[in-house]
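Here's the structure, in structure tokens; my notes come after.
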Amino acid sequence: MNRIDARFRELKDKGRPALVPYITAGYPHPDATVAVLNAAVEAGADLLELGMPFSDVMADGPVIQEACARALEQGTHLDEVLAMVAEFRRGDAHTPVVLMGYINPIERRGLERFVGEAAEAGVDGLLIVDCPAEEAGDMRSALAAKDLHQIFLVAPTTTEARLERTAELAGGFVYYVSIKGVTGAATLDTDSLAPAVERIRSRMDLPVAVGFGIRSPEQAAATARAADAVVIGSALVSRLGECGSTEDAVAVTHQYLAPIREAMDNSAPSPDKQPTLTA
Amino acid sequence: MAEPGQQAAASDGVFPDAGGHFGVFGGKFVSETLMPALEELEAAWRKHLADPDFAARLDSDLSHFVGRPSPLYFAENLSDRAGGARIVLKREDLNHTGAHKINNTVGQALLAKAMGKQRVIAETGAGQHGVATATVAARLGQDCVVYMGSEDVRRQAVNVYRMKLLGAEVVSVDAGSRTLKDALNEAMRDWVTNVDDTFYVLGTVAGPHPYPAMVRDFNAVVGREARVQMVEEYGRLPSALVACVGGGSNAMGLFHPFIDDDEVAMYGVEAAGRGLAGHEHAASLCAGRVGVLHGSRTYLLDDDAGQIRDTHSISAGLDYPGVGPEHAWLKDSGRARYVGITDEEAMTAFHELTRREGIMPALESAHAIAYGMKLAAEMSADDIVLVNLSGRGDKDINTVAELEGIEF
């Protein structure tokens with residue numbers, strides 16, 4: 001079974017909402033990335049999203065853009081990202097890893113080749129920001145052949161028709177982009193979340209992760225009450241940017257994520273009240 | 001003049017398909033947050049182009065505000081200099097704001113107004129599209145924000161000031177190569193964030209569907225006019241069309257109404273910068289490969305890791321690592337040919353046209369002039385080479401002076 005499915009099944013049994021940190025591979029330094037991933041898991045992360053640096057991150061805000069630019073300056077391309085996942089996987093057989101990025105570097109390498117290498121390295125899913133359902137045909141067959149999931153974004157503006165199309169292709173979980181805007185742009189309105197998450201659940205039997213604009217333990221806790229998973233991205237990445245050493249990066253990751261984990265655990269509904277999931 | 005909606009049928013009517021694909025090219029490679037905005041835009045575009053009132057308003061603006069039709073001009077001295085075919089210029093440099101760009105911004109701004117969007121945003125390279133957007137926004141009373149790479153802000157200071165005079169806010173973009181591609185990234189980010197009240201006036205035939213088709217259709221007035229004028233004034237169609245290609249909007253506008261005229265050859269001229277052998281150029285069709293950038297599958301310039309390369313051209317408007325997807329299709333289908341002109345060749349052509357005809361071309365258009373002269377030299381006196389003089393050179397005076405070591 002794909003590690004993402006296994007993990008969400010396990011979480012559902014425990015009634016535990018998933019904490020999903022995002023970091024950009026190679027930032028602040030390539031040597032720090034695997035240590036930060038491990039620190040995130042120690043601090044309570046259930047899934048990991050690892051950003052593949054790209055030169056033109058159209059859907060990301062200034063924090064991720066800067067992280068990508070610095071990671072690229074330090075030579076973090078797909079080879080390096082896959083090596084990082086492989087190294088992480090040698091020490092952690094269970095925590096799912098989703099690679100997040102843009103399509104051009106993947107196609108340049110060759111879609112099938114990349115998917116094969118990603119599966120071998122221990123990747124469990126791909127989230128390609130600029131590959132919506134309409135353009136995802138080739139991607140889907142390549143991923144299916146290796147039992148990897150394609151993770152799709154759903155936005156507040158996603159129409160019913162597109163939600164249905166996405167449901168046909170999506171696997172693993174669905175990532176609800178909780179605000180209109182780029183990553184790191186604004187602050188989440190947690191009140192509007194529950195109905196939005198319910199709308200998605202009525203269309204597909206997948207766990208719903210919510211991201212964009214979540215910064216504080218309180219916001220994470222509120223999100224965890226409505227959704228199955230909470231994604232923390234830009235807020236963590238910007239803190240990592242201030243770290244001069246791997247030790248700093250590990251410490252900052254722990255200091256930032258541990259209170260979020262705690263707040264989520266304290267706020268989560270008991271297992272019998274957990275919204276039904278059939279993932 | 002034909003109605004704006006009619007040129008879609010001038011070719012086979014197949015391209016793009018419903019998903020915005022030109023063969024394997026084009027499409028909508030954007031983040032989920034933009035998909036509904038693109039769908040809304042496409043629906044509005046189709047609806048209003050079919051509306052006779054909208055078409056009449058557009059035609060009236062093109063006549064009375066832009067100054068259309070732009071004339072054909074027989075460049076006799078330039079033709080003599082080249083030797084061979086007659087060189088005829090389509091004078092888009094005579095349009096209001098000095099380039100073809102206004103054909104598209106007039107159309108898109110009217111569309112924004114019809115859609116009830118009070119804020120328009122744009123990206124710009126040379127500044128021509130930014131000026132053209134600020135111009136129509138001023139007239140229609142729309143709030144206008146223009147994104148421009150900081151390198152281009154430096155190169156095109158006059159246009160920056162012009163936009164400010166027109167009431168636009170110019171945002172200098174300091175990311176990446178600080179040129180057109182980075183301005184486009186930033187404009188897309190703004191659009192994602194402010195999609196409810198904001199219309200993105202994209203300036204070229206690149207980007208996600210429906211922009212390549214919509215910008216083509218707004219610019220196709222150039223080719224429609226030229227076709228009629230050629231028949232009226234020369235009794236025939238040209239032997240060849242020549243136009244510069246950055247994103248490719250002036251070329252696409254000229255080419256499109258001639259696509260079914262098999263006897264008319266088409267040449268798109270890319271910026272070969274300091275030569276196609278290295279990476280200091282912006283010739284994605286001549287020297288690039290197929291990938292995905294800015295929402296569409298097309299030819300682009302990237303490295304072996306798939307990262308988009310920094311490009312170089314003397315002309316800011318051609319300094320872009322991608323190209324409109326329909327050009328990619330025209331290249332692969334063989335209907336159009338794409339060639340490169342270096343900075344040096346473009347500068348020579350700039351001086352030739354200025355001194356021999358008293359017409360100062362934009363550095364972008366100077367690339368087309370340079371290739372037009374080369375092509376004319378290979379043809380006979382019976383042939384006519386129609387070159388799109390897409391813009392005038394006033395904006396480039398500082399660049400030219402700097403290259404020649406002149407300080408004001």
Side-chain angles (χ1 to χ4, degrees), chain A residues 52-62 65-66 68-69 72 75-81 101-110 114 127-136 152-159 161-163 165-166 174-183 185-186 212, chain B residues 17-21 24 26-40 173-177 181-198 207-209 289-298 300-310 321-322:
Chain A
M52 300 177 279
F54 181 51
S55 54
D56 291 76
V57 290
M58 218 165 68
D60 285 293
Q65 184 180 27
E66 170 67 13
C68 284
L72 288 173
T76 311
H77 299 288
L78 294 186
D79 275 332
E80 289 73 22
V81 175
Y102 292 75
I103 196 169
N104 197 61
I106 292 171
E107 289 201 347
R108 184 60 63 228
R109 194 176 188 90
F114 175 74
L127 197 172
I128 307 303
V129 179
D130 56 352
C131 187
E134 283 79 353
E135 306 289 353
F152 283 94
L153 299 172
V154 170
T157 47
T158 302
T159 58
R162 299 205 60 264
L163 203 52
R165 199 174 316 175
T166 301
V174 168
Y175 186 150
Y176 179 64
V177 177
S178 48
I179 53 169
K180 289 176 191 171
V182 293
T183 50
F212 282 38
Chain B
D17 69 12
H21 301 97
V24 300
K28 287 189 210 177
F29 291 89
V30 296
S31 123
E32 180 61 35
T33 38
L34 272 185
M35 292 297 290
L38 293 171
E39 288 179 346
E40 182 195 11
V173 179
D174 225 1
S177 58
K181 82 172 174 77
D182 309 289
L184 207 152
N185 287 334
E186 209 58 39
M188 281 281 180
R189 291 188 183 111
D190 181 318
W191 199 31
V192 176
T193 309
N194 302 297
V195 67
D196 289 338
D197 71 340
T198 298
H209 181 65
R289 46 193 175 181
V290 178
V292 175
L293 176 66
H294 290 151
S296 67
R297 187 182 301 285
T298 187
L300 52 80
L301 297 167
D302 64 354
D303 64 18
D304 290 338
Q307 308 295 344
I308 307 305
R309 282 191 190 282
D310 289 352

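Small disclaimer: the values here were computed from a predicted structure and weren't measured. All chains are named by letter (A, B, ...) in the order of the sequence lines, taking the proteins before the strands, and each is independently numbered beginning at 1.
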Within the side chain of A:Asn104, is there an N or O that forms a donor-acceptor pair under 3.5 Å with the backbone of B:Val292? yes

Roughly how far, to the nearest 0.5 Å, is the CG atom of A:Asp60 from the OG atom of B:Ser31? 9.0 Å

If every non-hydrogen atom of B:Ala305 is compared with every non-hydrogen atom of A:Pro105, which pair is closest and at what distance? O-CB, 3.4 Å

Tell me, for A:Leu153 versus chain B, whether the close heavy atoms (under 4.5 Å) come from the side chain, the backbone, both or neither. both

How far apart are the closest heavy atoms of B:Phe29 and A:Pro132, and which atoms are they? CA-CD, 4.2 Å

Rounded to the nearest 0.5 Å, how far does CG of B:Leu34 lie from CG of A:Asp130? 11.0 Å

As an exercise, state the distance from CZ of A:Arg162 to CD of B:Glu39, rounded to the nearest 0.5 Å. 5.5 Å

Nearest atoms (heavy-atom pairs only) where A:Ser55 meets B:Lys181: O-NZ, 4.3 Å

Sort A:Arg109 into side chain, backbone, both or neither according to what part of it lies under 4.5 angstrom from a heavy atom of chain B. neither

Could you measure the distance from the OG1 atom of A:Thr157 to the CG atom of B:Asp196? Nearest 0.5 Å is fine. 8.5 Å

Please classify the contact of B:Arg289 with chain A as side chain, backbone, both or neither, using a heavy-atom distance under 4.5 Å. both

Between the side chain of A:Glu135 and the main-chain N/O of B:Lys28, is any donor-acceptor distance below 3.5 Å? yes

Pairwise distance OG1(A:Thr166) to CE(B:Met35) - rounded to 0.5 angstrom: 8.5 Å

What part of A:Val57 is in contact with chain B, defined as an atom under 4.5 angstrom from a non-hydrogen atom: side chain, backbone, both or neither? both

How far apart are the C-alpha atoms of B:Glu32 and A:Val177, what are their side-chain angles, what is the distance that settles it, and do they pass the side-chain contact (heavy atoms from CB on, under 4.5 Å) test? CA-CA 9 Å; B:Glu32 180 61 35; A:Val177 177; 5.7 Å; no

Donor-acceptor pair between A:Glu134 and B:His21 side chains, under 3.5 angstrom: no

Heavy-atom distance under 4.5 Å to chain B: side chain of A:Leu72, backbone, both or neither? side chain

CG of B:Leu293 to CZ of A:Phe54: how many Å apart, nearest 0.5 Å? 6.0 Å

Donor-acceptor check, side chain of A:Arg108 to backbone of B:Gln307, threshold 3.5 angstrom: yes or no? no

Measure from the side-chain N and O atoms of B:Thr33 to the backbone N and O of A:Ala155, and report whether any donor-acceptor pair falls under 3.5 Å. no

